[in-house]
Number of protein chains: 2
Amino acid sequence: MSTKRVEQLHAQGLRTRACLLDVAREVFEECHDASLNSIAKRAGVGIGTLYRHFPTREELVFELYRDQVQRLVLASEELLRTHPPLEAFRLWMERFARYAMTKAGLMEVLRTATAHGRFAQEARGPVTGAVEQLLAANREAGTLREDLTADDVLLAVAGLYQLDPSAEDWEQRAHRLLELVLCGLRRRD
Amino acid sequence: MSTKRVEQLHAQGLRTRACLLDVAREVFEECHDASLNSIAKRAGVGIGTLYRHFPTREELVFELYRDQVQRLVLASEELLRTHPPLEAFRLWMERFARYAMTKAGLMEVLRTATAHGRFAQEARGPVTGAVEQLLAANREAGTLREDLTADDVLLAVAGLYQLDPSAEDWEQRAHRLLELVLCGLRRRD
DNA sequence: TTGTTTGACGGAGGGTTCTCCGTTAAGTTG
DNA sequence: CAACTTAACGGAGAACCCTCCGTCAAACAA
């Protein structure tokens with residue numbers, strides 16, 4: 001009961017929050033760097049309201065894509081079940097790249113979700129967790145170097161964030177980058 | 001004579017331009033993300049004037065550090081003269097990292113100076129040239145993979161731009177990253 | 001010397017981000 | 001049910017980025 005009361009207490013707030021998310025998703029679909037003003041306006045809400053719900057643009061975008069990120073994280077387990085560790089690792093990174101580039105705005109999320117000196121450091125970002133799983137599996141299989149941290153990996157693939165999703169060759173470049181990184185991560189025999 | 005006339009024609013312009021650069025260097029020293037407004041004001045010049053000389057913040061910062069970047073580029077030749085290719089490459093990357101992190105604002109310059117889909121692509125950024133030199137030398141020496149482009153390398157080290165220069169461990173992380181990248185670039189035997 | 005051209009200048013103005021606070025109304029308590 | 005508490009709301013306002021254009025003066029030509 002008490003939880004429901006809390007919910008009722010915030011009933012109005014929850015509604016406008018959901019509305020804001022809907023509108024934002026819609027607006028960002030049209031223009032990935034739309035102004036927060038325009039979102040607030042189209043949601044029929046004051047700009048202050050938007051900012052109270054999402055103190056920063058990042059936070060809004062993060063909420064928008066939270067489930068997408070979640071799915072990406074879950075994918076690591078799935079891949080580990082269905083593939084040998086190294087292959088799972090490779091596939092996951094490819095998928096990571098695709099997710100990052102495909103949806104405009106998602107890249108921003110992933111960058112901050114894996115950023116250093118912020119979430120990832122203290123809050124143990126979700127993506128970091130997924131990478132650690134993959135690393136652990138590969139460590140056990142002896143396929144990758146043993147001294148790797150998830151940090152290292154996410155730093156190494158950070159070049160993805162520099163790619164321009166509107167260029168046609170991003171896929172090729174991303175692939176080259178990942179292949180290079182993978183070479184660097186491999187255990188030397 | 002005619003060149004001098006051109007100079008005299010722009011005499012005033014050149015003076016304010018130099019003044020702006022001086023002031024900007026000074027202001028950025030104090031606060032690396034100072035407002036352009038404050039710079040114009042302290043230079044005793046209208047904001048419009050600043051923007052005519054430097055249409056974007058990037059361009060201003062770029063000018064500020066142009067010589068630093070130049071020095072970095074020259075370093076590649078120097079290192080190639082005094083070290084074996086692979087070692088030169090490694091040292092250069094370390095220096096690149098140090099330059100990027102040390103001076104606030106320089107990192108921004110290097111990122112855009114090596115950015116894809118802009119300068120580097122068409123204008124063949126200066127840094128790109130340096131990397132190509134190093135790659136060529138190493139290709140000849142057979143120390144690195146032969147299919148590498150400067151693009152690949154600069155993309156691979158892009159993780160540097162995510163490091164926080166105010167954190168104490170940036171040096172350690174940068175070193176780890178570079179070592180990883182180098183492993184990936186090495187020729188497999 | 002006296003127009004005339006042309007680059008440089010300054011700042012008003014429109015659009016954004018983000019903060020702050022007075023107002024409103026939902027939910028609570030006696 | 002009435003008074004109260006507290007969260008949500010809205011938007012004014014400060015600071016900033018960047019553009020645009022009218023003004024001014026240096027350089028030049030007649």
Side-chain angles (χ1 to χ4, degrees), chain A residues 1-24 26-64 104-105 108-109 111-112 115 118, chain B residues 1-24 26-28 30-64 104-105 108-109 111-112 118:
Chain A
M1 270 295 175
S2 83
T3 74
K4 190 166 184 185
R5 284 201 179 164
V6 170
E7 279 175 7
Q8 285 182 343
L9 180 66
H10 300 300
Q12 182 60 28
L14 289 177
R15 235 177 303 143
T16 61
R17 179 190 164 92
C19 171
L20 279 172
L21 282 175
D22 283 346
V23 170
E26 192 179 302
V27 171
F28 280 139
E29 200 88 9
E30 299 168 10
C31 171
H32 98 290
D33 57 350
S35 80
L36 297 186
N37 255 328
S38 72
I39 292 176
K41 194 168 296 179
R42 201 193 291 195
V45 85
I47 185 63
T49 300
L50 195 164
Y51 271 94
R52 193 158 3 75
H53 281 284
F54 308 101
T56 158
R57 173 194 207 79
E58 254 177 19
E59 216 130 339
L60 172 58
V61 179
F62 188 80
E63 277 307 303
L64 272 189
E108 194 181 336
V109 169
R111 188 177 61 241
T112 70
R118 268 238 200 157
Chain B
M1 267 295 174
S2 84
T3 74
K4 191 168 185 186
R5 285 201 177 162
V6 170
E7 278 176 6
Q8 283 181 345
L9 179 68
H10 300 302
Q12 182 59 28
L14 289 177
R15 235 178 303 142
T16 60
R17 180 190 163 90
C19 171
L20 279 172
L21 282 175
D22 283 347
V23 170
E26 193 180 302
V27 171
F28 280 139
E30 299 167 9
C31 171
H32 97 291
D33 58 350
S35 81
L36 298 186
N37 256 326
S38 71
I39 291 177
K41 194 168 294 178
R42 201 194 292 197
V45 85
I47 184 65
T49 299
L50 195 164
Y51 271 94
R52 193 159 3 76
H53 282 284
F54 309 100
T56 157
R57 164 187 284 268
E58 256 177 17
E59 217 131 336
L60 171 59
V61 180
F62 188 80
E63 276 307 303
L64 272 189
E108 194 181 337
V109 169
R111 188 178 60 237
T112 70
R118 268 239 201 157

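Hydrogens, waters and symmetry mates play no part in the numbers below; they use all other heavy atoms, side chains included. We name chains A, B, ... by the order of the sequence lines, and we start the count at 1 in each one. Computed from a prediction, not measured in an experiment: that's the story for all the values here.
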Requested in this report: Given side-chain contact (heavy atoms from CB on, under 4.5 Å), test A/Y51 with A/L36 step by step and report yes or no.
Outcome: CA-CA 9 Å; A/Y51 271 94; A/L36 297 186; 3.3 Å; yes

**Report entry** From CA spacing to verdict: side-chain contact (heavy atoms from CB on, under 4.5 Å), B/R42, B/E26
**Finding:** CA-CA 10 Å; B/R42 201 194 292 197; B/E26 193 180 302; 2.9 Å; yes

Query - Stepwise side-chain contact (heavy atoms from CB on, under 4.5 Å) test for A/V23 and A/V45 - result: CA-CA 11 Å; A/V23 170; A/V45 85; over 6 Å; no

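Atom-to-atom, CD of A/E59 to C1' of C/dC18 comes out at 14 Å; the value is rounded to the nearest Å. If you measure from atom CD of B/Q12 to atom C1' of D/dT23, you get 15 Å, rounded to the nearest angstrom. As rounded to whole Å, 12 Å separates atom P of C/dA8 from atom CZ of B/F54. To the nearest angstrom, P of D/dG10 lies 16 Å from CG of A/L36. Atom NZ of A/K41 is separated from atom C1' of D/dG10 by 13 Å (rounded to the nearest Å). Across the protein-nucleic acid pair, A/N37 atom CG and C/dT19 atom C1' stand 14 Å apart, rounded to whole Å. In this entry the distance linking CG of B/L20 with P of C/dA8 reads 12 Å, nearest Å. If you take CG of B/D33 and P of D/dC17, they are 9 Å apart, rounded to a whole angstrom.
In the set D/dA8, C/dT17, C/dA8, the nucleotide with an atom closest to the side chain of A/T16 is D/dA8.
Near DNA chain C, defined here as any heavy-atom distance below 4.0 Å, the residues from residues 45-53 of chain B are B/V45, B/G46, B/I47, B/G48, B/T49, B/R52, B/H53, listed numerically.
Annotation: side chain of A/F28 is not in contact with side chain of A/D33 (no heavy-atom distance under 4.5 Å).
Not one side-chain nitrogen or oxygen of A/T56 sits closer than 4.0 Å to the OP1 or OP2 atom of C/dT17.
For B/R57, the salt bridge (Lys or Arg N to Asp or Glu O under 4.0 Å) test picks out no residue, with sequence neighbours left out.
Summarising the geometry of A/L20 relative to A/A43, their closest heavy-atom pair is CD2-CB, 3.8 Å, with the distance given to 0.1 Å.
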